[in-house]
Amino acid sequence: MTKPLVSIGLPVWNGEKYLACAITSILEQSFEDFELLIADNASTDRTAEIAREFCAKDPRVRYVRHASNIGAAGNFNYVFHETTGRYFKWAAYDDMLAPDFLAETTAALEKDRAGRAALAYPQTLLIDQEGAPLGLYDAAMRRGGQAPASRLDELIGPGDHTSSLIHMCFPVFGLIRRSALETSSLISNWPRSDHLLLVELALKGDFLEIERPLFLRRSHDEGSVISAEKTASSGTEVERKLAAWFDPKRGKRFPATNIRLGLGYLRAALVTPMPVPQRARATAVALGWMRRHWRILGGELKLVLADRIRPS
């Protein structure tokens, strides 16, 4: 059997409300050489029924149901490891794709014969629960053509922040070169590890932006972050809830998200193959990020130590 050029992995847990819309938008792509793997994290709603209906209609669709919830991180990584396409895309159960998403992103990567680009992604159109447009989101990402250290500086340098530590990581839902993902840390079992993945990919190659709003990101009250914020009494509790979503085995341990990000940035700068001058610059950028946020990192360290000495 011929391998598809593109693989799409759709990890899902209790996604009955929007899943059919997400799958339909994928199957209606103008580019057709792809496979779609739906991995169900032991859902208790109609997710399985919906997925199996699409499997029966289209041979490009496969469905796998885990016996138990392996966490969002485990499921995201599972769909990557169980697919084979030269290019890979994660899909979320509540987002949608414009019909030319795959055609445009695949063409951009195929045109890059030298393989310098790590991923291609379009502009993001935010939509509401009913699918009505809310406006474009500025991903604040680069468009390719710079050196590794410059790409890192654009992602985490002094100008990377407004009111929060990082931007939304919508380009992680772009089309990614499999060879770049194979040498990355993929999605780790803690919040915002998708931003670390984008940093790793940026050090490996260009990001190619398609200047058309082909990714439709749904904003609704049942999303993982919004759900955690609605039910938590503090920012610390939000982090704990999100960590449990990424990995249920973590329990209530504080994930030290920004400590992990800072160390991840530094490690990526040190281990990613690049010329020595670029490595030195990239390392300086990573250390600069840690220096600018030392108060936040120090506060997280105190919470980590408190968890260690707190009686179980």
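All values reported here derive from a predicted model rather than from experimental measurement.
In plain terms, the two heavy atoms of Ser25 and Ala22 that are nearest each other are OG-O, 2.8 Å. The two residues Asn14 and Thr44 have their closest heavy-atom pair at OD1-N, 2.6 Å. Between Phe80 and Trp90, the closest heavy-atom pair is CB-CZ2, 4.5 Å. In terms of heavy-atom proximity, Val79 sits nearest to Ala39 at CG1-CB, 3.5 Å. Pairing each heavy atom of Ala286 with each of Ile156, the nearest pair is CA-CD1, 4.2 Å. Between Gly131 and Arg218, the closest heavy-atom pair is N-NH1, 3.6 Å.
In terms of hydrophobic clustering, with Ile, Leu, Val, Met, Phe, Trp and Tyr side chains grouped at heavy-atom distances under 4.5 Å, Ile187 and Ile70 are assigned to different clusters.
Checked against side-chain contact (heavy atoms from CB on, under 4.5 Å), Ala20 has the following partners two or more places apart in sequence or in another chain: Ile50, Phe54. Taking Asn41 as the reference, Asn69 meet the side-chain hydrogen bond (donor to acceptor under 3.5 Å, both in side chains) condition, with sequence neighbours excluded. Considering only residues two or more places apart in sequence or on other chains, Ala256 meets the side-chain contact (heavy atoms from CB on, under 4.5 Å) condition with Phe254, Ile259, Glu300, Val304. Annotation: side-chain contact (heavy atoms from CB on, under 4.5 Å) contacts of Glu28 (sequence neighbours excluded): Thr24. Taking the side-chain contact (heavy atoms from CB on, under 4.5 Å) definition, one finds that Ala269 meets it with Ala282, Thr283, sequence neighbours left out. Under the rule for a side-chain hydrogen bond (donor to acceptor under 3.5 Å, both in side chains), Ser179 has no partner lying at least two apart in sequence or in another chain. A search for salt bridge (Lys or Arg N to Asp or Glu O under 4.0 Å) contacts involving Arg281 returns nothing, not counting sequence neighbours. When the salt bridge (Lys or Arg N to Asp or Glu O under 4.0 Å) test is applied to Asp33, no partner is found at least two apart in sequence or on another chain.
Under the 3.5 Å distance criterion, the side-chain polar atoms of Arg260 are left unmatched by any main-chain donor or acceptor of Arg192. Asn77 places a side-chain N or O within donor-acceptor distance of the main-chain N or O of Ala73, the cut-off being under 3.5 Å. Checking side-chain atoms of Arg52 against main-chain N and O of Tyr63 turns up no donor-acceptor pair under 3.5 Å. Without hydrogens or angle criteria, Asp100 side chain to Glu104 main chain gives no donor-acceptor distance under 3.5 Å. Put simply, the side chain of Arg177 gets close to the backbone of Ala117: a donor and an acceptor are under 3.5 Å apart. A distance-only check finds a donor-acceptor pair linking the side chain of Thr47 to the backbone of Gly15 [under 3.5 Å]. A donor-acceptor pair is defined here as one N or O able to donate and one able to accept, closer than 3.5 Å; no such pair exists between the side chain of Arg212 and the backbone of Pro122.
Legend: salt bridge (charged side-chain N to carboxylate O under 4.0 Å, His left out) pairs involving residues 80-90, not counting sequence neighbours, sorted by first then second residue: Arg86-Glu110. For residues 35-48, the set of pairs meeting the salt bridge (charged side-chain N to carboxylate O under 4.0 Å, His left out) definition, not counting sequence neighbours, comprises Glu35-Arg62, Asp40-Arg65, Arg46-Glu49. Sorted by first and then second residue, the salt bridge (charged side-chain N to carboxylate O under 4.0 Å, His left out) pairs involving residues 125-134 (not counting sequence neighbours) form an empty list.
Using a 3.5 Å distance cut-off with no hydrogens or angles, the side chains of His66 and Asn75 do pair a donor with an acceptor.
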- prompt: Can you check side-chain contact (heavy atoms from CB on, under 4.5 Å) on Tyr87 and Thr105, steps first, answer last?
  reply: CA-CA 10 Å; Tyr87 306 121; Thr105 53; over 6 Å; no
- prompt: Yes or no on side-chain contact (heavy atoms from CB on, under 4.5 Å) for Glu200 and Thr272, after CA distance, side-chain angles and deciding distance?
  reply: CA-CA 8 Å; Glu200 293 178 354; Thr272 303; 5.8 Å; no
query: For Phe173 and Thr124, what are the C-alpha separation, side-chain angles and deciding distance, and is it a side-chain contact (heavy atoms from CB on, under 4.5 Å)?
result: CA-CA 10 Å; Phe173 289 104; Thr124 297; over 6 Å; no
task: Dump the intermediate steps for side-chain contact (heavy atoms from CB on, under 4.5 Å) on Phe170 and Tyr121, then the final yes or no.
output: CA-CA 9 Å; Phe170 297 151; Tyr121 69 101; over 6 Å; no
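The CD1 atom of Ile296 lies 6.0 Å from the CG atom of Asn258; values are rounded to the nearest 0.5 Å. Atom CD1 of Ile23 sits about 10.0 Å away from atom NZ of Lys57, to the nearest 0.5 Å. To the nearest 0.5 Å, atom OG of residue Ser185 and atom CG of residue Leu201 are 8.5 Å apart. Leu196 contributes atom CG, which lies 6.0 Å from atom OG of Ser188 (distance to the nearest 0.5 angstrom).
Aromatic ring orientation, Phe101 versus Phe215: perpendicular (interplanar angle above 60°, classes split at 30° and 60°). Ring geometry, Tyr18 versus Tyr93: the interplanar angle falls from 30° to 60°, so the pair is classed tilted.
Apart from Leu125 itself, the hydrophobic cluster it occupies contains Met96, Ile127, Leu136, Leu216, where clustering links Ile, Leu, Val, Met, Phe, Trp and Tyr at side-chain heavy-atom distances under 4.5 Å.
Partner of Leu175 under the side-chain contact (heavy atoms from CB on, under 4.5 Å) criterion, out of Leu119, Val6, Leu208: Val6 alone.
Salt bridge annotation for Lys17-Asp94: absent, with no cationic side-chain nitrogen under 4.0 angstrom from a carboxylate oxygen.
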